[in-house]
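Whatever order the structure lists ligands and atoms in, that order sets their numbers, starting from 1. Note that the structure is a prediction, hence the values are computed from the model and not measured. Values reported hereafter were calculated over all heavy atoms of this structure, with side chains retained and with hydrogens, waters and symmetry mates removed.
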Amino acid sequence: MKAEPMLKEDALKGKTIVVTGGGTGLGRSMTKYFLELGANAVICSRKQDVLEKAAEELMQETGGQVLPVACDVRKYNEIEAMLKATLDKFGRVDVLVNNAAGNFVSPTERLSHKAFDVITDIVLKGSYNCTLALGKHWIEQKQEANILNIVTTYAWTGSGYVVPSACAKAGVLAMTRSLASEWAKYGIRSNAIAPGPFPTEGAWTRLFPKQLADKLDPVKRIPVGRFGEHQELANLAAYLVSDYAAFVNGEVVTIDGGEWLYGAGEFNAFDQIPQEMWDAMEKQMRGKQG
Ligand code: HXC
Ligand code: NAP
């Protein structure tokens with residue numbers, strides 16, 4: 001399948017959108033679509049060289065305007081500087097996409113105490129820092145705006161082997177819902193997307209290293225039988241940050257091909273049972289009932 005862009009041309013025209021971690025992976029793909037829909041973009045992360053290359057390519061690919069700003073989301077002063085650079089360049093900011101993250105897989109008992117801080121500082125504290133800095137600005141300006149947080153489905157199920165990430169994403173989801181209530185009075189919406197597996201270099205190298213992928217095929221856990229396409233996520237993100245979604249607030253939208261429900265449903269693994277075995281079992285069970 002090849003996903004098509006979904007929204008009307010110019011659906012995001014005039015909006016300036018900050019995407020944390022916008023130079024790579026899903027952040028880059030969302031940014032590209034926002035630009036195609038007429039937005040200006042600010043991409044930020046720690047690596048200036050990666051950001052500059054991505055900005056150059058995105059501008060060439062879309063004809064839009066991209067400002068790359070090195071900014072570590074763990075550091076509030078760097079976020080304030082990024083906000084200032086955004087306002088200097090574009091005069092306004094309308095949307096924040098909290099997409100930056102850090103993660104790795106490990107049995108929890110093998111982690112050093114520092115590992116939890118490293119992940120939660122990027123994911124939870126980083127999302128909070130950006131939200132606070134831009135939120136204060138919007139409230140002071142009396143400006144309508146919205147926030148989109150990229151979480152995961154294990155934000156509510158939890159998951160072994162990624163405990164720091166699960167705790168941090170659960171916190172981001174709680175923040176999404178809390179501020180949806182608290183800041184709606186200022187015209188600030190707050191929503192989240194929970195993606196299932198979408199191939200990116202950042203996630204794949206850290207979460208599905210080759211030795212693991214050979215043993216546990218992640219596609220087998222997805223009822224639709226494939227990974228997500230970046231354009232599918234970008235379509236959803238563009239809708240949620242656009243004015244078409246003006247009445248959507250406090251929602252988390254799952255886009256995972258049914259993966260987490262498949263894992264949760266008691267009997268879902270029965271889809272591996274062949275027809276002949278069903279025939280034999282049915283005969284046996286009906287025989288007993290009779
Ligand atoms: C165990 C590890 C580890 C590993 C790091 N640590 N890697 N522990 N196993 N593989 C621990 C160490 O204990 C170390 O503490 C501490 O983390 C800091 O490690 P550093 O390498 O010094 O940190 P840093 O250079 O700041 O890098 C941060 C990072 C790195 C998070 C570890 O991976 C990174 O920069 N990630 C950014 C991009 C990313 O992760 N993308 C994937 C997002 S995917 P000690 O005590 O030993 O010094 C995602 C998808 C979810 O979230 C859902 C998928 C379906
Ligand atoms: P990715 O390419 O590794 O993206 C992570 C980004 O975060 C990078 O651009 C990284 O850039 C940035 N970042 C890390 N630490 C930072 C910090 N301290 N300050 C600022 N930026 C920082 O991985 P991805 O797969 O596209 O993930 C994007 C988002 O989707 C994440 O929130 C992830 O949890 C979520 N997600 C992904 C999947 C998937 O299957 N891919 C599934 C569910 C959820 P620098 O290294 O330059 O800082």
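Considering backbone and side-chain atoms together, T152 places no N or O closer than 3.5 Å to any N or O of ligand 2. Ligand 2 has an N or O atom lying under 3.5 Å from an N or O atom of F198, backbone or side chain. An N or O contact shorter than 3.5 Å is missing between A100 and ligand 2 by distance. An N or O contact shorter than 3.5 Å is missing between T152 and ligand 1 by distance. In terms of polar-atom proximity, V73 is counted as a contact of ligand 2, with an N or O under 3.5 Å from an N or O of the ligand. Taking any N or O of R206, backbone or side chain, at least one lies under 3.5 Å from an N or O belonging to ligand 1. Taking only nitrogen or oxygen atoms, main chain and side chain alike, S112 reaches within less than 3.5 Å of ligand 1.
At least one heavy atom of Y154 lies less than 4.0 angstrom from ligand 1. Taking a 4.0 Å cut-off on heavy atoms, S165 fails to register as neighbouring ligand 2.
Using a 4.0 Å cut-off between charged side-chain N and carboxylate O, K53 and D49 make no salt bridge. Note on K8 versus D10: no salt bridge recorded, every NZ/NE/NH1/NH2 to OD/OE distance being 4.0 Å or above. For the pair K136 and E140, the salt-bridge criterion is not met [side-chain N within less than 4.0 Å of a carboxylate O]. With salt bridges taken as basic N to acidic carboxylate O contacts below 4.0 Å, one links E232 and R226.
Comparing L51, L26, D72, T20 against atom 18 (N) of ligand 2, the shortest heavy-atom distance belongs to D72. For the residues K125, R46, R206, H230, the heavy atom positioned nearest atom 16 (C) of ligand 2 is part of R46.
Near K114, the atoms of ligand 1 lying under 4.0 angstrom from a non-hydrogen atom of the residue are 15 (O), 46 (O), 48 (O). Below 4.0 Å from some heavy atom of V118 lie the following atoms of ligand 1, by number and element: 16 (C), 18 (C), 28 (C). For ligand 1, the atoms lying closer than 4.0 Å to a non-hydrogen atom of I119 are 31 (C). Close approach of ligand 1 to R46 (heavy-atom distance below 4.0 Å) involves ligand atoms 26 (O), 34 (C), 35 (O), 37 (C). Ligand 1 places these atoms under 4.0 Å from at least one heavy atom of A101: 37 (C), 38 (C), 39 (C), 40 (O), 41 (N).
When every heavy atom of N249 is checked against every heavy atom of I188, the shortest pair comes out as OD1-O, 4.5 Å.
Taking the six-membered ring for Trp and the full ring otherwise, the centers of F227 and W204 sit less than 6.0 Å from each other. For W138 and W183, the ring centers are positioned 6.0 Å apart or more.
Proximity of atom 27 (O) of ligand 2 to the protein is not indicated, since no non-hydrogen protein atom lies closer than 4.0 angstrom. Within a 4.0 Å radius of atom 13 (O) of ligand 1, the protein contributes at least one heavy atom.
Listed for the S159 side chain is no donor-acceptor partner under 3.5 Å among the backbone atoms of Y154.
Contacts of V162 with ligand 1, taken as heavy-atom pairs under 4.0 Å, are absent altogether.
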Evaluate salt bridge (Lys or Arg N to Asp or Glu O under 4.0 Å) for D279 paired with K283, printing each intermediate quantity in order. CA-CA 6 Å; D279 290 342; K283 211 166 156 192; over 6 Å; no
